[in-house]
Amino acid sequence: AQTVTQSQPEMSVQEAETVTLSCTYDTSESNYYLFWYKQPPSRQMILVIRQEAYKQQNATENRFSVNFQKAAKSFSLKISDSQLGDTAMYFCAFISNIQGAQKLVFGQGTRLTINP
Amino acid sequence: KAGVTQTPRYLIKTRGQQVTLSCSPISGHRSVSWYQQTPGQGLQFLFEYFSETQRNKGNFPGRFSGRQFSNSRSEMNVSTLELGDSALYLCASSRGAGSFWGAEAFFGQGTRLTVV
């Protein structure tokens, strides 16, 4: 079975600090994608960053970057220079393509609060 | 371009009733997935449709069903509602096929269903 684990239910940092959210996953697939989604109080899930498993280079999107360790099945998200607008639930997710069927498997989420 | 539209945004139903939720995907997207989000269980996959065919189904009872129309719009139906069906139901659309199978899933704002 494919599972995603986020071990930090809640985190809180001061504005402008750097914060790292952890995620581990379990799969027997060799080809898959990993995502970090953000869900602010508005409930809209928004993609933060995406990583292709066959790419060794870690993905980056402005202040957001990942540390992808394929052998360890680890996919952490680093937010640099955190801003008040980064306050949200963050979900790590995994998708593979088995016989054309796809589904996102989500972790339980990390509630991140950025304090002024 | 317009995002994923879910209707209605809020719904209150009585135990034993049935409910139909609607999702209009982004134009050109043929894959529509449904997720149930609750505080206790997190985000759980319900089913995925592609070109009017259900490609994948999560571990939910038969009371949960769905369909997709030729214009890719999708509906999900829950019959004989139970109190435990109270949740946020999220719909996501993506291109979801061929070389795009790992593409970003775009989410709607969800339908908040309350069963009383």
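First the proteins, then the strands, lettered A, B, ... as listed; each starts at 1. No hydrogens, no waters, no symmetry mates; every other heavy atom, side chains included, goes into these values.
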- Query: Would you say Val4(B) and Leu46(B) are hydrophobically clustered, going by side-chain heavy atoms of ILVMFWY under 4.5 Å?
  - Reply: no
- Message: Could you see if Leu90(B) belongs to whatever hydrophobic cluster contains Leu113(B)? Use Ile, Leu, Val, Met, Phe, Trp, Tyr and a side-chain cutoff under 4.5 Å.
- Response: no
- Flag yes if Met89(A) and Tyr89(B) sit in one hydrophobic cluster, no otherwise; membership is Ile, Leu, Val, Met, Phe, Trp, Tyr, and two members link when side-chain heavy atoms are under 4.5 Å apart. no
- Identify whether NZ of Lys or CZ of Arg in Arg43(A) sits under 6.0 Å from the centre of the six-membered ring of Tyr10(B) and within 45° of that ring's axis. yes
- Take atom CZ in Arg111(A); do more than 12 heavy atoms of anything else shown fall under 6.0 Å from it? no
- Query: Do other residues, nucleotides or ligands put more than 12 heavy atoms under 6.0 Å from the CG atom of Asn59(B)?
  - Reply: no
- Message: With a 3.5 Å distance limit and no angle check, can you tell me whether Tyr37(A) reaches the backbone of Ala105(B) through a side-chain donor-acceptor pair?
- Response: yes
- Message: Taking the ring of Phe106(A) and the ring of Phe45(B), is the distance between their centroids below 6.0 Å?
- Response: no
- Quick one: are Gln108(A) and Leu43(B) in side-chain contact, heavy atoms under 4.5 Å? no
- Query: What about Phe107(B) and Phe47(B), same hydrophobic cluster or not, with Ile/Leu/Val/Met/Phe/Trp/Tyr joined at side-chain heavy-atom distances under 4.5 Å?
  - Reply: no
- Message: Strictly distance-based, threshold 3.5 Å: is any side-chain N or O of Tyr35(B) a donor or acceptor partner for the main-chain N or O of Leu104(A)?
- Response: yes
- Message: For the CD atom of Glu104(B) and the CD1 atom of Ile46(A), what is their distance to the nearest 0.5 Å?
- Response: 10.0 Å
- Query: Do you know the tightest heavy-atom contact between Gln109(B) and Gln44(A)?
  - Reply: CG-OE1, 2.8 Å
- Okay, Gln41(B) and chain A: the region with an atom under 4.5 Å from a heavy atom over there is backbone
- Of all of Gln37(B), Arg112(B), Gln54(B), Gln44(B), which one pairs up most often with chain A through heavy atoms under 4.5 Å apart? Gln37(B)
- Determine, using the 4.5 Å side-chain heavy-atom cutoff (strictly less than), whether Leu88(B) and Val115(B) are members of one ILVMFWY cluster. no
- Part of Gln39(A) within contact of chain B (heavy atom distance under 4.5 Å): side chain
